[in-house]
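This structure is a prediction, so every number in the text was calculated from the model and none was measured. Reckoned from all heavy atoms, side chains included, excluding hydrogens, waters and symmetry mates. Every chain is numbered from 1 and lettered A, B, ... according to where its sequence line falls, protein lines coming before strand lines.
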2 protein chains.
Amino acid sequence: MLKEERQQFIINEVGIHNRILLTDIADQLNVSVDTIRRDIKELHAAKQLKKVHGGAVSLGFNNYNPTGKKIYSLEKKSQIAEKALGLIKDGQVILLSGGTTNLELARRLPPKLKLTCFTPSLPIAVQLLGKNNIEVIFIGGRLSKDSQITVGGSAINMLSEIKVDICFLGTNSIHPMEGLTEFDWEIVQMKKAMIHSSRKVVSPCISEKIGSLQRYKICGVEEVDVMITELEPWDVKLDAFKNLNIQIL
Amino acid sequence: MLKEERQQFIINEVGIHNRILLTDIADQLNVSVDTIRRDIKELHAAKQLKKVHGGAVSLGFNNYNPTGKKIYSLEKKSQIAEKALGLIKDGQVILLSGGTTNLELARRLPPKLKLTCFTPSLPIAVQLLGKNNIEVIFIGGRLSKDSQITVGGSAINMLSEIKVDICFLGTNSIHPMEGLTEFDWEIVQMKKAMIHSSRKVVSPCISEKIGSLQRYKICGVEEVDVMITELEPWDVKLDAFKNLNIQIL
DNA sequence: CAAAATACTGCAAAATCTTGCAGCGCTTGA
DNA sequence: TCAAGCGCTGCAAGATTTTGCAGTATTTTG
C-alpha cells in the first residue's frame with residue numbers, strides 16, 4: 001500500500017468518525033503504529049487533522065469559534081484593513097468575500113457608518129450583525145466547511161442579481177502575469193461571480209501572497225481596480241504591478 | 001477514548017447545561033473523577049469554562065444569567081430538543097427555523113447522523129458547520145438584527161424552490177383556535193414559506209407559549225403535524241389540542 | 001463544629017511518543 | 001550490471017504522558 005493511499009484513508013476515517021486511534025488504523029491497514037504515527041504527524045503539519053495523544057481528531061470537530069479563531073499575520077491584515085476602510089463611503093453597497101483579512105475589515109467598520117453589506121461568509125456575517133447601522137444581506141447557498149463561505153449555483157445565482165459599489169475580494173494568490181488564482185474550484189466560481197457583480201474590485205492581499213500561484217484562475221490582474229498590501233508603496237515586490245493600471249495602497 | 005474527545009464532550013456538556021458535575025461526567029464516560037478533574041483544570045486554564053467546586057460552569061453563564069431563570073427555560077428547551085431528535089432519520093433533509101429551541105436541537109444532532117440541513121438562522125448555521133456529516137445550506141437574504149435570521153423576498157424565493165422532509169418551526173405563540181402567531185411581519189412571511197416548503201411541520205414549543213396570541217397569524221393549528229413540548233402528554237395545558245389531529249410529544 | 005464531599009499530591013502501571021538504526025525496495029548513473 | 005543514494009518501514013530503548021489510586025488537606029453543608 002502506498003503512503004499516499006494510506007494518508008487518504010486516514011483523512012477519510014477522520015472525516016467520518018471525527019476521531020481515530022493510532023492502533024485502530026494500524027490494525028486496519030496492517031502496518032505498524034509507527035508508520036501511522038508518522039503519517040499523522042505529516043497530516044498534522046499539513047493541517048489536514050489534529051494530532052493528539054493516542055490518535056487524531058478532525059479539525060472542524062466542535063471547535064468553531066468565530067471570535068477566538070487564530071488569525072495568522074494579524075498585524076499585517078490589520079494594516080490592510082485600515083487602508084481599506086478609506087475606500088468605503090457612507091451609504092455605499094459593498095460586497096465582502098471570505099477570508100480573515102476581510103473579517104478584520106468587517107470588525108473595524110465604524111459603528112456610525114451606514115452601509116449595505118453583501119457577504120457569503122458566515123464569520124463576517126456574524127461580525128456585521130453586531131453593527132446597528134449596517135444592513136447585512138447574506139448570500140445563501142451550500143456552506144463549505146473549510147472556507148466557511150457559501151458556494152454553489154444558488155449562491156452564484158443570487159450574486160448574478162446584484163451590482164454593488166465595491167467588492168473586497170480576499171485573495172489567496174496574486175501574480176502580475178497570471179492574475180488571481182485559487183486552489184478550490186468552487187470558490188473560484190464564487191469569486192468570478194463576485195467580480196461580475198461589482199463596479200469596483202479591491203483586492204486586499206498580504207505580501208506573502210504576492211507572486212504565488214494556485215491551480216485555478218479567477219481573473220487577470222486587469223480586472224482588479226485597487227490592490228491593498230501592508231507594504232510601503234515603493235516596495236520592490238510591487239514593482240511588477242506598477243505599470244498595470246492598478247491603484248496600489 | 002481520547003483525551004481530546006473527553007474534553008470536547010465536557011465543553012459540549014457545559015454548553016448545553018451551563019453547568020456540570022464532576023461525578024456525572026466521570027460516570028458517563030467511565031473514567032475516574034480525577035481524570036475529569038484534570039481535564040477541567042486544563043480547560044479552565046484554556047479559558048474554555050470556569051472550574052468550580054464540584055464541577056464547572058459555562059463562562060458566560062454567571063455574567064449573563066445570574067438569576068438562573070434562563071437556565072430553567074433552557075432545561076425545558078433541552079427536553080424538547082431531545083424529543084425532537086427522535087423524529088429525525090439518517091439521510092433526511094430538514095429545515096430549521098430560528099429560535100433558541102432549534103439551536104439546542106442543532107447542538108444535539110449526533111455527529112454520525114448524515115443530514116442535509118436548510119436554515120435561515122445564523123447561529124444555527126454556525127453550530128451546524130461544526131458537524132462533519134451535515135451538509136448545511138443557508139437560506140440567503142437580509143439578516144434581521146434581532147432574530148438573527150434572514151428575511152425578505154430573496155429568502156422566501158429560495159424557500160420556494162425546496163421541499164424538505166421535516167421543518168422544525170420555532171414557535172412564539174400557539175393557540176388551539178387561532179393557530180401560530182408572531183409579532184414580526186417579516187418573520188411571519190418566512191415561516192409561511194417554510195411551511196410551504198415542507199412535507200411535515202413540527203412545532204417545538206415550550207409550555208409558556210401555549211395559548212398565547214400575537215399580532216399576525218402564520219397558520220392554523222391544522223397545518224402543524226407534530227407539536228413538541230416539555231410537558232407530559234397528559235398535562236391539562238395540552239387538552240385543547242388533543243382533538244385537533246396533532247401528534248403531541 | 002462535625003461529617004461528608006471534594007480537592008490536591010505523590011506514586012506507579014500502562015500506554016504512547018521520540019529517536020536512532022537497520023533492512024528493504026526502488027532509482028540513478030557509471 | 002552493480003553500487004551508491006534515497007525514501008519508506010519496522011523495531012527497540014528510553015523518555016514522556018496519561019490515568020487511577022491512596023493518603024491527606026480543604027471546602028461545603030447541616
Side-chain angles (χ1 to χ4, degrees), chain A residues 1-63 70, chain B residues 1-72 74-75 111 132:
Chain A
M1 173 169 243
L2 296 175
K3 183 172 142 187
E4 184 70 21
E5 281 183 276
R6 228 176 30 231
Q7 299 197 349
Q8 207 53 52
F9 179 85
I10 293 173
I11 291 174
N12 202 38
E13 285 293 298
V14 170
I16 292 172
H17 301 112
N18 271 332
R19 61 133 236 203
I20 52 170
L21 302 179
L22 274 184
T23 48
D24 276 1
I25 301 291
D27 233 36
Q28 290 178 55
L29 299 183
N30 274 317
V31 292
S32 76
V33 285
D34 299 75
T35 303
I36 302 300
R37 204 194 308 286
R38 278 183 275 242
D39 283 336
I40 286 181
K41 211 172 192 173
E42 284 180 29
L43 292 172
H44 176 91
K47 299 197 199 306
Q48 296 283 302
L49 46 71
K50 183 178 169 191
K51 180 178 174 306
V52 298
H53 194 96
V57 296
S58 146
L59 280 178
F61 182 45
N62 241 354
N63 61 358
K70 185 139 190 176
Chain B
M1 171 170 246
L2 296 172
K3 184 173 133 183
E4 183 76 15
E5 275 185 280
R6 229 177 28 231
Q7 299 195 350
Q8 287 294 350
F9 178 85
I10 294 171
I11 291 173
N12 201 39
E13 284 294 299
V14 170
I16 291 170
H17 300 111
N18 271 330
R19 53 146 255 209
I20 52 170
L21 302 179
L22 274 184
T23 48
D24 277 1
I25 302 290
D27 231 37
Q28 290 178 59
L29 299 183
N30 273 315
V31 292
S32 75
V33 285
D34 297 75
T35 303
I36 302 299
R37 202 194 309 285
R38 278 184 275 241
D39 283 337
I40 286 181
K41 210 172 191 174
E42 283 181 31
L43 292 172
H44 177 91
K47 299 199 196 306
Q48 295 284 302
L49 46 71
K50 185 177 169 193
K51 180 177 172 309
V52 297
H53 194 94
V57 296
S58 146
L59 277 180
F61 169 60
N62 277 334
N63 306 333
Y64 296 138
N65 308 309
T67 62
K69 183 170 185 193
K70 186 83 180 274
I71 317 167
Y72 190 54
L74 192 60
E75 268 314 311
N132 280 320

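Side-chain contact between A:Glu42 and A:Gln7 is present, with heavy atoms from C-beta onward closer than 4.5 Å. Between A:Ile36 and A:Arg6 the shortest side-chain heavy-atom distance falls below 4.5 Å. Between A:His53 and B:Lys3, every side-chain heavy-atom pair lies at or beyond the 4.5 Å cut-off. With contacts defined as side-chain heavy-atom distances shorter than 4.5 Å, the pair B:Glu5/B:Phe9 does not qualify.
Spacing between atom CD of B:Gln7 and atom P of D:dT18 amounts to 9 Å, rounded to whole angstrom units. Look at CG on A:Asp39: it is 16 Å from P on D:dG7, rounded to the nearest Å. Atom-to-atom, CD1 of A:Ile36 to P of C:dT16 comes out at 14 Å; the value is rounded to the nearest Å. What separates CD of B:Glu5 from C1' of D:dT19 is a distance of 16 Å, to the nearest Å. For the pair B:Leu29 CG and D:dG20 C1', the computed distance is 15 Å after rounding to whole Å. Rounded to whole Å, atom P of D:dT27 lies 20 Å from atom CG of B:Leu21. Put simply, NZ on A:Lys3 is 21 Å from P on C:dC24, counting in whole angstrom units.
Contact annotation: B:Arg6 does not reach the phosphate of D:dT18 (side-chain N/O to OP1 or OP2, under 4.0 Å). Taking only side-chain nitrogens and oxygens, A:Thr35 comes nearer than 4.0 Å to OP1 or OP2 of D:dG10.
In this structure, A:Val31 reaches the sugar-phosphate backbone alone: every heavy-atom distance under 4.0 Å involves primed, P, OP1 or OP2 atoms, never a base.
Atom OG of A:Ser58 sits about 12.5 Å away from atom CZ of A:Arg19, to the nearest 0.5 Å.
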Readout for nucleotides 6-11 of chain C: B = base within 4.0 Å of protein heavy atom, S = sugar-phosphate only, - = neither; 5' to 3' it is SBBB--

Residues 20-34 of chain B, side-chain donor-acceptor partners within the protein, below 3.5 Å, at least two apart:
{"residue": "B:Ser32", "atom": "OG", "partner": "B:Asp34", "partner atom": "N", "Å": "3.4"}
{"residue": "B:Ser32", "atom": "OG", "partner": "B:Thr35", "partner atom": "N", "Å": "3.3"}
{"residue": "B:Ser32", "atom": "OG", "partner": "B:Thr35", "partner atom": "OG1", "Å": "3.2"}

